> 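So that we are looking at the same thing, I have put the structure below in structure tokens.
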Amino acid sequence: MKLTGKVAIVTGAASGLGRAIAEKFLSEGARVAIADIRGAAEAAASLGPNALGVPMDVTDEKQVDEGIARVVERFSGVDVLVSNAGVQIISPLVDLAFSDWKRMLAIHLDGAFLTTRACLRRMYAQGRGGSIIYMGSVHSKEASPLKAPYVTAKHGLIGLAKLVAKEGAAHGVRANVICPGFVRTPLVEKQIPEQARDLGITEQEVIKSVMLKNTVDGEFTTLNDVAELALFFAAFPSNALTGQSLIVSHGWHMQ
Ligand code: NAD
């Protein structure tokens, strides 16, 4: 058990990657707050007594501060934050509404900032260090057409992680970014027909010629692949691993 006694907060944990990470952390002995704008209580109830549902819109300062305060009170602190909540909007930049651009940056960047700030305040006060993990993407390193705000926000998370690594070091807090390739979650299932429509190709072609084209083996990354990497970052024993971003994508992007 690699996370015995640890308390983790995972945003966007009612679905997809966040839920898989929450399950992995629970199986390794952590107590885990399932923070989500919808379905948090139901997801936590299905995950057992060490999961706590925390309804939270990560773009809302009050909801984030109150939600994290609740977790800290209930579980006596916080050791790991996985800032994971996210959405995708597919559109050519020239057709993108300003409101959609702002909404995307708010969920991915304001959400990361607000949850990080609330957790860092607690981690500094506790004096037992901590691990901040951001859900980036291959799109933290690469661009694909139709994803302007997503690519912009995901690149921004790498900057934030480097900053938190530097400021957090004196308090034993490290920060890292997970950069997955395509994983078949609801977020991806939704965009397959959208990309097919915008690119004028079939859904099978979107999978083969867009999503998996540059992988080494034509395979999707799995929920467990990403959850294993989250566990690795969460359980790493020292500040040696900080300010890093690691791609898990079947070789789609190599550095
Ligand atoms: P998902 O749609 O299955 O889950 C996203 C979760 O975030 C949902 O439960 C949703 O309710 C929640 N959420 C959305 N807006 C929120 C808000 N304002 N406040 C709180 N919660 C909110 O999607 P997923 O694929 O699991 O995506 C999770 C993260 O992984 C996202 O940041 C996404 O960009 C990233 N990611 C996904 C893939 C992939 O292929 N699936 C690849 C790289 C990165």
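Along the sequence shown, residues carry numbers from 1. Order of listing sets the numbers, starting from 1, for every ligand and every atom in it. This structure is a prediction, so every number in the text was calculated from the model and none was measured.
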> One residue to check: Thr221. Relative to ligand 1, which of side chain, backbone, both or neither has a non-hydrogen atom less than 4.0 Å away?
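The answer is neither.
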> Are side-chain heavy atoms of Ile133 and Ile178 found at a separation under 4.5 Å?
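Yes, their side chains come closer than 4.5 Å.
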> To which protein heavy atom is atom 25 (O) of ligand 1 closest, and what is the distance rounded to 0.1 Å?
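For atom 25 (O) of ligand 1, the nearest protein heavy atom is Thr185 OG1, 2.4 Å.
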> Return the option from Gly86, Ala13, Gly39 holding the heavy atom at the smallest distance from atom 5 (C) of ligand 1.
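Nearest heavy atom to atom 5 (C) of ligand 1 lies in Gly86.
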> Measure the OG1-CE distance between Thr221 and Met211 for me, rounded to the nearest 0.5 Å.
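Result: 12.0 Å between the selected atoms.
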> Would one find an N or O of Val58, backbone or side chain, under 3.5 Å from an N or O of ligand 1?
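For ligand 1, there is an N or O atom that lies under 3.5 Å from one belonging to Val58.
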> Are side-chain heavy atoms of Glu228 and Val248 found at a separation under 4.5 Å?
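Sidechains of Val248 and Glu228: no contact.
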> How far is atom 43 (C) of ligand 1 from the closest protein heavy atom, and which atom is that?
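Going atom by atom, the protein heavy atom closest to atom 43 (C) of ligand 1 ends up being Pro180 O, 3.4 Å.
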> What is the closest protein heavy atom to atom 21 (N) of ligand 1, and at what distance does it sit?
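Protein heavy atom with the smallest distance to atom 21 (N) of ligand 1: Ile37 N, 3.3 Å.
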> When rounded to the nearest 0.5 angstrom, what distance separates CG in Asn176 from CZ in Phe236?
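The CG atom of Asn176 sits 9.0 Å away from the CZ atom of Phe236.
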> Can you tell which of Asp110, Leu114, Thr11, Thr59 makes a side chain to side chain contact (heavy atoms under 4.5 Å, CB included) with Val64?
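Result: among Asp110, Leu114, Thr11, Thr59, Leu114 is the only option passing the side chain to side chain contact (heavy atoms under 4.5 Å, CB included) with Val64.
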> In terms of residue, atom name and distance, what is the protein heavy atom nearest to atom 27 (O) of ligand 1?
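Protein heavy atom at minimum distance: Leu187 CD1, 3.9 Å.
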> Would you indicate whether the side-chain heavy atoms of Gln191 and Val188 approach each other to under 4.5 Å?
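Yes, their side chains come closer than 4.5 Å.
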> Flag Ser137 as yes when one of its N or O atoms lies below 3.5 Å from any N or O atom of ligand 1, and as no otherwise.
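No: no nitrogen or oxygen of Ser137 is under 3.5 Å from one in ligand 1.
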> What residue and heavy atom of the protein are closest to atom 33 (C) of ligand 1, and at what distance?
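Minimum-distance protein heavy atom for atom 33 (C) of ligand 1 reads Tyr150 OH, 3.5 Å.
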> Assess whether side-chain contact (heavy atoms from CB on, under 4.5 Å) is satisfied between Glu61 and Asp65, documenting all intermediate values.
CA-CA 6 Å; Glu61 183 176 17; Asp65 286 347; 3.8 Å; yes
> Answer with side chain, backbone, both or neither: which part of Val188 has a heavy atom less than 4.0 angstrom from an atom of ligand 1?
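Side chain only; the backbone of Val188 stays clear of ligand 1.
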> Are Met135 and Val173 linked, directly or through other ILVMFWY residues, by side chains that come within less than 4.5 angstrom of each other?
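Each belongs to a different hydrophobic cluster.
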> With heavy-atom distances below 4.5 Å as the criterion, would you say the side chains of Met56 and Ile68 are in contact?
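Yes, their side chains come closer than 4.5 Å.
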> Look up atom CZ in Arg19 and atom CG in Leu47, then write down how far apart they are to the nearest 0.5 Å.
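Answer for the CZ-CG pair, Arg19 versus Leu47, is 4.5 Å.
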> Please verify whether a non-hydrogen atom of Gly181 lies at under 4.0 Å from ligand 1.
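Heavy atoms of Gly181 do come under 4.0 Å of ligand 1.
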> I'd like to check Val210 versus Glu205 (side-chain heavy atoms, cut-off strictly below 4.5 Å). Are they in contact?
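Answer no - side chains too far apart.
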> Would you mind listing which atoms of ligand 1 come within a distance below 4.0 Å of any non-hydrogen atom of Met135?
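With Met135 as reference, the close atoms of ligand 1 come out as 29 (C), 30 (O), 35 (C).
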> What closest approach, in Å, do Asp79 and Gly5 show between heavy atoms, and which atom pair accounts for it?
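That closest heavy-atom pairing would be OD2-O, 4.0 Å.
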> If you measure from each non-hydrogen atom of Lys154 to ligand 1, which part falls under 4.0 Å: side chain, backbone, both or neither?
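The answer is the side chain of Lys154.
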> Return the residue, atom name and 0.1 Å-rounded distance of the protein heavy atom closest to atom 26 (O) of ligand 1.
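Checking every protein heavy atom, the shortest distance to atom 26 (O) of ligand 1 gives Leu17 N, 2.8 Å.
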> Only heavy atoms of Asn84, strictly under 4.0 Å: list the atoms of ligand 1 that pass.
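Counting from 1, the qualifying ligand atoms are 28 (C), 29 (C), 30 (O), 31 (C), 32 (O).
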> Under 4.5 Å between any side-chain heavy atoms of Arg70 and Val54, yes or no?
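Yes. Closest side-chain heavy atoms under 4.5 Å.
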> State the atoms of ligand 1, each with its element, that fall below the 4.0 Å cut-off from a heavy-atom position in Asp57.
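The atoms of ligand 1 under 4.0 Å from a heavy atom of Asp57 are 17 (C), 18 (N), 19 (N).
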> Can you list the ligand 1 atoms lying under 4.0 Å from a non-hydrogen atom of Phe182?
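By the 4.0 Å cutoff, the relevant atoms are 40 (O).
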> What atoms of ligand 1 come closer than 4.0 angstrom to any heavy atom of Gly136?
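Once the distances to Gly136 are compared, the set is 43 (C), 44 (C).
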> What is the distance from atom CD1 of Ile107 to atom CG of Asp57, rounded to the nearest 0.5 Å?
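Rounded to the nearest 0.5 Å, the CD1-CG separation comes to 7.0 Å.
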> Can you list the atoms of ligand 1 that are under 4.0 Å from a heavy atom of His108?
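By the 4.0 Å cutoff, the relevant atoms are 32 (O), 34 (O).
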> Of the backbone atoms (N, CA, C, O) and the side-chain heavy atoms from C-beta on, which set of Met56 has a member under 4.0 Å from an atom of ligand 1: side chain, backbone, both, or neither?
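For Met56, only backbone atoms sit under 4.0 Å from ligand 1.
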> Can you tell me which residue and heavy atom of the protein come closest to atom 40 (O) of ligand 1, and the distance to 0.1 Å?
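Closest protein heavy atom to atom 40 (O) of ligand 1: Val183 N, 2.7 Å.
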> To the nearest 0.1 Å, how far is atom 11 (O) of ligand 1 from its closest protein heavy atom, and which atom is that?
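Here the closest protein heavy atom is Asp36 OD1, 2.6 Å.
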> Going by the atom numbers of ligand 1, which of them fall below 4.0 Å from some non-hydrogen atom of Gly16?
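Numbered from 1, ligand 1 contributes 3 (O), 26 (O).
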